**Student:** 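Got a structure for you, questions after.
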Number of protein chains: 2
Amino acid sequence: MSQARILIADDHPVMRDGLRRTMESYDIDVLETVADGRAAVAAVERLHPDAVLMDISMPAMDGIAATEIIRSRHADVVVICLTFHGDDAVHQKALEAGASIVLTKDVPAEDVVSVLLEVLAGEPVVERRSDRSRHGGELSLTAREIEILALITKGASTTRIGSELFISVKTVKNHLASIYEKLDVTDRTQAVLSALRLGLVSLDS
Amino acid sequence: MSQARILIADDHPVMRDGLRRTMESYDIDVLETVADGRAAVAAVERLHPDAVLMDISMPAMDGIAATEIIRSRHADVVVICLTFHGDDAVHQKALEAGASIVLTKDVPAEDVVSVLLEVLAGEPVVERRSDRSRHGGELSLTAREIEILALITKGASTTRIGSELFISVKTVKNHLASIYEKLDVTDRTQAVLSALRLGLVSLDS
DNA sequence: GGCTGAATGAATCGAAAGGCCTATTGGTCG
DNA sequence: CGACCAATAGGCCTTTCGATTCATTCAGCC
């Protein structure tokens with residue numbers, strides 16, 4: 001097989017540069033590196049790479065949205081998502097968006113390369129992560145619940161959430177109760193902390 | 001000047017590998033890469049590098065604690081801290097611990113190299129960051145306040161904090177009020193979020 | 001067609017949190 | 001010594017929150 005042609009999307013220059021060098025040292029052709037999802041979509045249109053190494057949390061357009069667009073336009077372009085968070089919900093979203101695989105950034109660099117080559121070779125690869133796989137935990141928050149979680153992670157009060165989502169305070173409370181139960185906590189502060197640890201929401205949202 | 005001999009400490013393998021390759025491409029000798037603060041301290045003892053590229057948030061022992069130990073034992077070893085967060089409080093702590101400079105990970109890789117070489121050459125270098133510098137903010141929480149912040153970051157209730165610290169609920173509330181004022185928030189949830197962003201407390205505490 | 005789960009809305013009740021005061025005790029600093 | 005501040009504590013009052021229970025609508029699914 002000829003040399004793989006890839007694109008790297010990551011908002012951290014150090015990471016971007018490091019990944020590029022790592023890939024190049026394995027004789028992978030890095031066509032370009034970009035800093036956000038929007039640029040990634042544009043670059044794919046222009047360069048038609050074999051694969052994209054896509055960071056999930058990025059400004060302008062996150063990796064999941066970018067993956068969705070890229071995959072819908074170019075089914076032959078493989079997307080491999082990288083993330084710091086070992087969280088199921090995010091991984092699931094990325095896979096649904098069309099990522100071939102989701103790797104946490106705490107896997108060794110060589111593994112990223114080998115997985116990339118495997119995927120390009122057409123081998124079926126399942127999701128791989130490093131440690132603390134929280135299987136059996138199986139917490140599944142609904143979209144609405146995550147939406148509400150995101151709002152309390154911005155410090156919103158119950159009333160505030162209600163008006164932002166155009167639903168009554170009562171309903172918000174009901175959702176909150178469900179969230180608390182699922183996350184096994186008793187108040188919004190603990191819920192925020194738990195959600196942050198699980199990567200369900202991010203601090204800079 | 002002869003080739004610089006450095007040590008890299010970062011808990012993310014991808015980052016570790018990337019940094020190593022970046023450094024090596026600039027003809028800097030990377031003696032070893034380690035994954036946490038404890039290992040960094042041990043490696044410095046063994047290898048006496050010229051400098052350490054130290055990530056701040058790491059398991060086992062964070063970069064600040066490691067920096068403090070290293071600098072106290074080897075004043076000739078330069079420590080350069082890297083972090084994702086552009087937060088003053090954390091930067092200040094790192095500098096106080098003996099870091100020569102704190103760089104956010106969103107500066108270009110070449111800058112990391114040039115700063116490293118400048119510092120090794122003995123040139124005075126001031127703190128450099130990419131954007132959003134929050135000068136003039138100058139928030140100073142007391143030790144007690146930070147202690148209480150740490151407890152609410154563990155999800156503790158006001159009553160709980162009181163019994164943990166052997167003070168009355170009223171006193172806790174007073175401290176909380178001061179904290180809210182200093183952080184410019186109105187409730188504990190927002191306080192936790194603000195404290196996390198500022199690096200006053202950490203999620204895994 | 002009936003079951004289930006998600007989203008919505010609601011009532012009630014007690015506990016917790018937060019706002020706004022005042023006050024005492026010990027330091028520290030000029 | 002007097003000024004100031006951190007830490008402690010209390011009172012009072014309002015708002016918010018969380019727990020529990022119930023009901024309705026709508027969608028997907030066997």
Side-chain angles (χ1 to χ4, degrees), chain A residues 87-90 92-93 95-96 136-198 200-201, chain B residues 89 92-93 96 137-196 198 200-201:
Chain A
D87 159 48
D88 280 333
V90 172
Q92 195 54 43
K93 274 196 201 164
L95 294 174
E96 283 169 6
E138 197 60 49
L139 78 166
S140 58
L141 298 197
T142 68
R144 200 53 156 172
E145 286 163 356
I146 290 183
E147 204 173 356
I148 289 177
L149 257 182
L151 286 172
I152 66 175
T153 307
K154 291 204 284 188
S157 67
T158 303
T159 312
R160 177 79 188 291
I161 296 172
S163 43
E164 296 246 343
L165 297 182
F166 304 107
I167 58 180
S168 86
V169 175
K170 311 291 185 184
T171 306
V172 176
K173 283 190 168 193
N174 288 334
H175 285 307
L176 283 175
S178 303
I179 292 171
Y180 296 162
E181 194 189 349
K182 288 181 180 176
L183 296 183
D184 192 29
V185 298
T186 58
D187 60 56
R188 63 211 299 112
T189 304
Q190 290 175 16
V192 165
L193 293 166
S194 175
L196 284 172
R197 291 200 185 91
L198 295 175
L200 295 174
V201 295
Chain B
Q92 197 52 45
K93 275 194 201 168
E96 283 168 7
E138 196 61 48
L139 77 168
S140 59
L141 298 198
T142 68
R144 200 51 155 176
E145 286 163 356
I146 291 184
E147 202 173 359
I148 287 176
L149 257 182
L151 286 171
I152 67 176
T153 307
K154 291 204 284 187
S157 67
T158 303
T159 312
R160 177 77 190 292
I161 295 172
S163 44
E164 294 245 345
L165 298 182
F166 303 107
I167 58 180
S168 87
V169 175
K170 290 308 307 178
T171 305
V172 177
K173 283 189 170 191
N174 290 334
H175 285 307
L176 284 175
S178 305
I179 292 170
Y180 296 162
E181 193 190 350
K182 289 181 181 177
L183 296 183
D184 192 29
V185 297
T186 59
D187 60 56
R188 62 211 297 113
T189 304
Q190 291 175 15
V192 164
L193 293 166
S194 173
L196 284 172
L198 295 175
L200 296 173
V201 295

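Just so it is clear, the structure is predicted and the values come from calculations on it, not from any experiment. Convention: sequence-line order gives letters A, B, ...; per-chain numbering from 1.
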**Student:** Mind checking if A/Thr171 touches a base, just sugar-phosphate, or nothing, with heavy atoms under 4.0 Å?
**Tutor:**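 Since a base atom lies under 4.0 Å of A/Thr171, the category is base.
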**Student:** Nearest of C/dA17, D/dT8, C/dG9 to any side-chain atom of A/Ser168?
**Tutor:**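 From the listed options, C/dG9 comes nearest.
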**Student:** Could you list by number each residue of residues 185-193 of chain B showing a heavy-atom separation from DNA chain C of less than 4.0 Å, or answer none if no residue does?
**Tutor:**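 Those residues whose heavy atoms fall under 4.0 Å from DNA chain C, taken from residues 185-193 of chain B in numerical order, are B/Thr186, B/Asp187, B/Arg188.
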**Student:** Starting at atom CD of A/Glu147, determine the distance to atom P of C/dA7, rounded to an integer number of angstrom.
**Tutor:**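 Between P of C/dA7 and CD of A/Glu147: 10 Å.
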**Student:** With a 4.0 Å heavy-atom cut-off, tell me which residues in residues 173-180 of chain A come close to DNA chain D, sorted by residue number.
**Tutor:**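 By residue number: A/Lys173, A/Asn174, A/Tyr180.
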**Student:** What are the two closest heavy atoms between A/Thr159 and A/Val169, and how far apart are they?
**Tutor:**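 Heavy atoms only, the tightest pair is CA-CG2, 4.2 Å.
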**Student:** Could you tell me whether a side-chain N or O of A/Glu164 sits under 3.5 Å from a main-chain N or O of A/Arg160, the two making a donor and an acceptor?
**Tutor:**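 Pair absent, no side-chain N/O of A/Glu164 close to backbone of A/Arg160.
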**Student:** Just wondering, do B/Lys182 and B/Thr142 contact through their side chains at under 4.5 Å, heavy atoms?
**Tutor:**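 Yes, close enough: below the 4.5 Å cut-off.
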**Student:** Are any side-chain N or O atoms of A/Arg188 and backbone N or O atoms of A/Ala156, one a donor and one an acceptor, separated by less than 3.5 Å?
**Tutor:**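 Side chain of A/Arg188 to backbone of A/Ala156: a pair is present.
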**Student:** What pair of heavy atoms forms the shortest contact from A/Leu165 to A/Glu147, and how long is it?
**Tutor:**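 So the two residues come closest at CD2-OE2, 3.5 Å.
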**Student:** What pair of heavy atoms forms the shortest contact from A/Leu193 to B/Thr153, and how long is it?
**Tutor:**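 Taking A/Leu193 first and B/Thr153 second, the nearest heavy atoms are CD1-O, 3.1 Å.
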**Student:** Taking the side chain of B/Thr142 as its heavy atoms from C-beta onward, which of D/dA7, C/dA17, D/dC17 lies nearest to it?
**Tutor:**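 In terms of side-chain proximity for B/Thr142, the closest of D/dA7, C/dA17, D/dC17 is D/dA7.
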**Student:** Between P on C/dG18 and CD1 on B/Ile148, what's the gap in Å once rounded to a whole number?
**Tutor:**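 Roughly 12 Å, once rounded to whole Å.
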**Student:** Are A/Arg144 and C/dT8 close enough that a side-chain N or O sits under 4.0 Å from OP1 or OP2?
**Tutor:**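 It does, given that an N or O in the side chain of A/Arg144 lies less than 4.0 Å from OP1 or OP2 of C/dT8.
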**Student:** Please give, in whole Å, the distance from C/dA7 C1' to A/Phe166 CZ?
**Tutor:**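 Interatomic distance, CZ of A/Phe166 to C1' of C/dA7: 17 Å.
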**Student:** Taking atom C1' of D/dT16 as reference, at what distance in whole Å does atom CD1 of A/Ile152 sit?
**Tutor:**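 So the two atoms are 14 Å apart, to the nearest Å.
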**Student:** Take atom CD1 of A/Ile161 and atom P of C/dG9, then tell me their distance rounded to the nearest Å.
**Tutor:**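 One finds 14 Å between P of C/dG9 and CD1 of A/Ile161, rounded.
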**Student:** A/Lys170 has a side chain; which of D/dC12, C/dG9, C/dA7 sits nearest to it?
**Tutor:**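 Closest of the options to the side chain of A/Lys170: C/dG9.
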**Student:** Closest approach of A/Leu149 and A/Ala191, non-hydrogen atoms and distance?
**Tutor:**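 Minimum heavy-atom contact is CD2-O, 4.2 Å.
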**Student:** Quick one, B/Thr189 and A/Asp187 - any side-chain contact, counting heavy atoms below 4.5 Å?
**Tutor:**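 Side chain of B/Thr189 against side chain of A/Asp187, heavy atoms only: no contact under 4.5 Å found.
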**Student:** Okay, side chain of A/Gln190, backbone of B/Gly155: is any donor-acceptor separation there less than 3.5 Å?
**Tutor:**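 Here the side-chain-to-backbone pair exists.
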